[in-house]
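When reading the values below, keep in mind they use all heavy atoms of this one structure, side chains included, and skip hydrogens, waters and symmetry mates. As the structure is a prediction and not an experimental result, all values here were calculated from the model.
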Amino acid sequence: MAPDAYTGRWLVWSALGIWVVSLLLTGYYLAEPSLGFAGCELVPGSSRYGESSRSWLPPGQTCTYALPAALGQGQPLIEEPPTLRLLVAGMALTGLPLCLHLRRMLRRPGRRERAAA
């Protein structure tokens with residue numbers, strides 16, 4: 001092992017990989033194709049479509065359906081993205097500082113620190 005290498009290198013690289021994947025997933029969630037009624041079908045194969053909109057937190061597409069009073073008691077039905085996507089967005093925001101902190105924490109002391117001790 002090289003003198004400047006440290007044993008936690010795999011952990012830092014793993015955290016960096018997870019951060020990159022979470023960035024890509026968050027970008028995909030925000031860029032999902034949704035034009036008007038596309039993807040906002042209440043039940044696949046039905047003719048009941050909802051209004052599509054973009055949600056930032058959690059990232060993704062939100063569909064709002066205007067149901068008849070007999071079905072939904074006059075209230076709109078709102079279908080939001082899964083809440084678990086907040087975890088992916090959180091990792092996308094905090095992943096790089098976490099990687100840098102792990103790198104700093106797991107690095108072996110340098111020559112200066114060893115000489116001072």
Side-chain angles (χ1 to χ4, degrees):
M1 183 181 292
D4 61 338
Y6 56 97
T7 56
R9 186 177 304 264
W10 66 271
L11 184 62
V12 174
W13 281 107
S14 298
L16 189 63
I18 291 171
W19 174 67
V20 168
V21 168
S22 63
L23 270 180
L24 293 173
L25 275 174
T26 302
Y28 170 75
Y29 292 150
L30 292 174
E32 280 179 307
S34 61
L35 300 171
F37 295 135
C40 266
E41 198 170 6
L42 184 58
V43 178
S46 73
S47 61
R48 197 173 291 276
Y49 291 93
E51 183 180 324
S52 174
S53 61
R54 183 72 38 220
S55 171
W56 288 97
L57 289 175
Q61 179 182 12
T62 300
C63 296
T64 306
Y65 305 96
L67 298 177
L71 291 177
Q73 302 168 349
Q75 298 293 325
L77 173 66
I78 300 172
E79 189 176 285
E80 296 180 343
T83 309
L84 191 58
R85 289 186 181 184
L86 284 173
L87 182 65
V88 175
M91 184 59 191
L93 291 173
T94 62
L96 186 60
L98 175 67
C99 291
L100 295 175
H101 176 70
L102 279 174
R103 183 173 183 253
R104 197 174 316 115
M105 187 176 73
L106 295 173
R107 178 173 282 182
R108 288 186 178 180
R111 290 182 185 168
R112 291 183 187 165
E113 289 87 4
R114 281 184 283 197

Engineer: For the residue pair Arg85 and Pro58, what are the closest heavy atoms and their distance?
Structural biologist: CB-CB, 4.0 Å
Engineer: Nearest heavy-atom pair of Val88 and Tyr29: which atoms, and what distance?
Structural biologist: CG1-CE1, 4.3 Å
Engineer: Taking atom CG of Leu23 and atom CG of Leu96, what is their separation to the nearest 0.5 Å?
Structural biologist: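 The CG atom of Leu96 is 8.5 Å from CG of Leu23, to the nearest 0.5 Å.
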Engineer: Measuring from atom CG of Leu11 to atom CG of Leu16, what distance do you get when rounded to the nearest 0.5 angstrom?
Structural biologist: 11.5 Å
Engineer: For Leu30 versus Pro59, what's the shortest heavy-atom pair and its separation?
Structural biologist: CD2-CB, 3.7 Å
Engineer: Which atom names give the shortest non-hydrogen contact between Tyr49 and Tyr65, and what distance separates them?
Structural biologist: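 The pair with the smallest heavy-atom distance is C-CD2, 3.8 Å.
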Engineer: Can you find a heavy atom in the side chain of Trp19 that is under 4.5 Å from one in the side chain of Thr94?
Structural biologist: no
Engineer: Quick one: does any side-chain atom of Arg54 pair with a main-chain N or O of Gly60 as donor and acceptor, under 3.5 Å?
Structural biologist: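 Yes: the side chain of Arg54 pairs with the backbone of Gly60.
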Engineer: Membership question, hydrophobic clusters at under 4.5 Å side-chain separation (ILVMFWY): are Leu98 and Trp10 in the same one?
Structural biologist: yes
Engineer: Do Leu84 and Met91 share a hydrophobic cluster, counting only Ile, Leu, Val, Met, Phe, Trp and Tyr and linking them when any side-chain heavy atoms are less than 4.5 Å apart?
Structural biologist: no
Engineer: Is there a side-chain contact between Gln61 and Cys40 in this structure, where contact means two heavy atoms from C-beta onward sitting under 4.5 Å apart?
Structural biologist: yes
Engineer: Once you round to the nearest 0.5 Å, how far does CG of Leu86 lie from CG of Leu93?
Structural biologist: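 Those atoms lie 10.5 Å apart.
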